[in-house]
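Some notes on the structure that comes next.
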Amino acid sequence: MKKFLMLLSVLGIVQSCNSTNRLRILPAGEILGLGYRKREAFEEELKGTGYDADLNCTKDSQGREWCKAEKYDKKR
């Protein structure tokens with residue numbers, strides 16, 4: 001019973017981590033499924049459109065930078 005309760009405690013702690021911390025251990029396919037993309041993809045997408053994006057970025061365990069657009073703004 002003690003082992004079961006300890007396991008539940010550990011799982012609760014792991015589940016309480018926020019999504020940016022989880023990105024460090026997820027494979028690239030799952031990161032893409034969460035709506036994150038590489039910074040270069042956003043730069044290429046917005047080039048010449050007159051818009052800019054506020055990005056929320058984090059790095060995974062291999063040092064790659066993954067970003068998610070918080071909002072898009074018209075450039076001034």
Main-chain N/O of Leu34 paired with Lys68 side-chain donor or acceptor, under 3.5 Å: yes
Glu44 CD: over 12 foreign heavy atoms closer than 6.0 Å: no
Contact summary for Tyr51 and Lys75, nearest pair of heavy atoms: O-CE, 3.4 Å
Min side-chain heavy-atom separation Phe42-Leu55 under 4.5 Å: yes
Lys38 charged N/C atom sitting above Trp66 aromatic ring, 6.0 Å / 45°: yes
Separation between CG of Asp73 and CG of Leu46, rounded to the nearest 0.5 Å: 10.5 Å
salt_bridge(Arg39, Glu65) N-O dist < 4.0 Å: yes
OH on Tyr36 to SG on Cys67, rounded to 0.5 Å: 9.0 Å
